[in-house]
Amino acid sequence: MSDARAPFAVVMLTYNEELNLPKALASIGGRAPVVIVDSESGDATAEIARAHGAEFVVHPFSDYASQRNFALAQVERRFRWIFFLDADEELTPALWDEITRICAEDQVDGGYVRLDVRILGHRLTHGEFGGSMVLRLMRPEKARFGRGINERVDDRALKIAVLKARLVHRDARPLTHLFTKHVGYARKEALAYLDGVDRQRGLAGFGLRTKAARMVGVRWVYNHLPLFLRPFALGLRVVVVQGAWRDGLPGLMHAGMHALWYPMLIDLLIYEEKLRRRGVLAREFAPRPTE
């Protein structure tokens, strides 16, 4: 029985992306339908998307996994393959060619792609993004995301390819936006550590064959390290072992922000929440009678 679905679409999640969206859509260049799921943007995101002919769906944001799964539900009966593209990313001609080939061969269920991260006008070739991969090409009916933040697909039952061409990541928004976003992420990660999905999952889903399964083990080990030691261990790994220092000031700045400051903020919020739950902060700030 033939598959009546269209071959391929690009799917994007957006929220106030008027600065990034034009270059992301330009990298698609009309080569595929675009479906955008927007989290109630208040800027010109909708107008830009519609001007480029994108299908634009508004859906209230709960968490990233839920939003991506909602997007998958919108496309799984219409397209055989989809590629998740963030608004601050761009597809290159080489990556387009590779995506087209993999979809035409139809031998796998999904594809990981490496990132070409640009910051302060500099390409980061070392550090944590030197060899990191994200699952973006997938059959929509076979992929579902878990974990609300730093969401990922359980790929243990999927046949996966690793693409050679890289996906360009460069954010047109000022660095202050990234810091502000990290504060919100850190709060969610702190709650996930204390009583969320990480605590409930444990080592369930761990394996060595796929990246998502290996990450379950990596996160389990990281969460068993002492608070406030974890960020320094991660920072040392990124800067020294993975060589972020080789990218000069932009590399050191990004590593310090993403692999030290951000994890330290998470641990600080975990510690604060523990004190709050034990009643320490309530006692500390309780009104005291004047003498």
Side-chain angles (χ1 to χ4, degrees), residues 3-104 106 108-118 134-145 151-153 161 163 165-173:
D3 193 333
R5 295 178 296 175
F8 178 77
V10 175
V11 179
M12 303 179 69
L13 305 185
T14 59
Y15 178 68
N16 291 340
E17 289 287 1
E18 63 181 7
L19 294 180
N20 282 312
L21 192 56
K23 61 184 178 61
L25 292 171
S27 77
I28 300 170
R31 285 174 281 196
V34 179
V35 179
I36 294 179
V37 176
D38 183 76
S39 304
E40 302 176 301
S41 291
D43 64 358
T45 295
E47 290 79 1
I48 294 169
R50 293 184 175 119
H52 282 79
E55 178 182 336
F56 194 80
V57 180
V58 177
H59 185 257
F61 183 86
S62 173
D63 58 60
Y64 283 101
S66 299
Q67 198 77 341
R68 289 197 187 274
N69 288 335
F70 174 84
L72 288 170
Q74 306 308 299
V75 298
E76 64 180 330
R77 296 183 181 180
R78 294 189 285 154
F79 300 99
R80 293 197 294 272
W81 286 92
I82 63 103
F83 189 96
F84 268 113
L85 180 70
D86 287 350
D88 56 4
E89 296 170 344
E90 298 155 71
L91 292 152
T92 66
L95 184 54
W96 265 115
D97 290 344
E98 198 167 2
I99 290 171
T100 301
R101 176 182 59 79
I102 289 176
C103 292
D106 211 31
V108 297
D109 300 314
Y112 276 93
V113 61
R114 294 183 175 89
L115 297 177
D116 176 354
V117 178
R118 315 283 180 90
V134 286
L135 184 64
R136 293 297 182 81
L137 180 65
M138 62 194 74
R139 299 181 189 270
E141 75 277 10
K142 292 193 174 185
R144 284 299 178 269
F145 288 84
E151 69 283 3
R152 63 180 67 92
V153 173
L163 284 66
R166 289 181 179 256
L167 177 66
V168 175
H169 175 101
R170 52 176 180 167
D171 198 335
R173 294 168 297 192

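Numbers here are sequence positions counted from 1.
Judged purely by distance below 3.5 Å, without hydrogens or angles, the side chains of Ser39 and Gln67 pair a donor atom with an acceptor atom.
The backbone N or O of Leu95 lies less than 3.5 Å from no partner atom in the side chain of Arg166, so there is not a single donor-acceptor pair. Under the 3.5 Å distance criterion, the side-chain polar atoms of Trp81 are left unmatched by any main-chain donor or acceptor of Asp109.
Judged by the 6.0 Å distance and 45° axis criteria, Arg136 is not positioned over the aromatic ring of Phe84. At least one cation-pi condition fails for Arg80 and Phe8: the charged atom is not both under 6.0 angstrom from the six-membered ring centre and inside a 45 degree cone around its axis.
Considering CD1 of Ile102 and CG of Leu163, their distance stands at 3.5 Å, rounded to 0.5 Å. Taking CG from Leu21 and CD from Glu47, the interatomic distance works out to 11.0 Å, rounded to the nearest 0.5 Å. Note that CG of Asn69 and OH of Tyr64 are 14.5 Å apart. Values are rounded to the nearest 0.5 Å. Here the CD-NZ distance, from Glu89 to Lys23, works out to 8.5 Å after rounding to the nearest 0.5 Å. To the nearest 0.5 Å, atom CD1 of residue Ile82 and atom CG of residue Leu137 are 8.0 Å apart. From Glu17, atom CD reaches atom CG of Asp88 across 6.0 Å, with rounding to the nearest 0.5 Å.
Between Leu85 and Glu90, the shortest heavy-atom distance links the atoms CD1-N, 4.2 Å. Annotation for Val10 and Ala32: closest pair CG2-CB, 4.3 Å, computed over non-hydrogen atoms. When all heavy atoms of Phe79 and Pro33 are compared, the closest pair comes out as CE2-CG, 3.9 Å. Closest approach of Ile36 to Ala49, counting heavy atoms only: CD1-CB, 3.5 Å. The two atoms that bring Ala165 and Ala94 nearest to each other are CB-C, 3.8 Å, heavy atoms only. Taking every heavy atom of both residues into account, Ala172 and Leu19 meet most closely at CB-O, 3.8 Å.
Each of Asn20, Thr45, Asp43, Asp38 was compared with Thr14 under the side chain to side chain donor-acceptor pair (under 3.5 Å) criterion, and only Asp38 meets it.
Phe83 places a side-chain heavy atom less than 4.5 Å from the side chain of Val113. You'll find the side chain of Trp96 reaches within 4.5 Å of the side chain of Arg31, heavy atoms only.
Annotation: salt bridge (charged side-chain N to carboxylate O under 4.0 Å, His left out) contacts of Glu98 (sequence neighbours excluded): Arg101.
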task: Begin with the C-alpha distance, continue with both residues' side-chain angles, and end with the deciding distance and a verdict on side-chain hydrogen bond (donor to acceptor under 3.5 Å, both in side chains) for Thr100 and Asp97.
output: CA-CA 5 Å; Thr100 301; Asp97 290 344; 5.5 Å; no

